[in-house]
Amino acid sequence: MGERDGDRRDTRDTGGAATPDIESHLGTALRAYDPDPEAERRALAAFRTAHASGRTPRTRPRDDWRPAPTRAAPR
């Protein structure tokens, strides 16, 4: 219903297995990551320095996904 010529897609289930081409691209992307130990050390040192200074930024309400605190019922 509502199909147009050339808009018909093959919706058969292929068993969920990725094609070899996709697996190849994913493998290449994962192997391409070359961590820089010195950069990681500097980033961790900067984080620890900022955290130790006690001046941590406040979390914006829209970024805080914790449940809202419950208020006590009035007596």
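All residue numbers refer to positions in the sequence shown, counting from 1.
Under the rule for a side-chain contact (heavy atoms from CB on, under 4.5 Å), the partners of Ala39 that lie at least two apart in sequence or sit in another chain are Asp36, Arg42. Not counting sequence neighbours, the partners of Arg41 by the side chain to side chain donor-acceptor pair (under 3.5 Å) test are Glu38.
Annotation: the span from Thr49 atom OG1 to His51 atom NE2 amounts to 11.5 Å, rounded to 0.5 Å.
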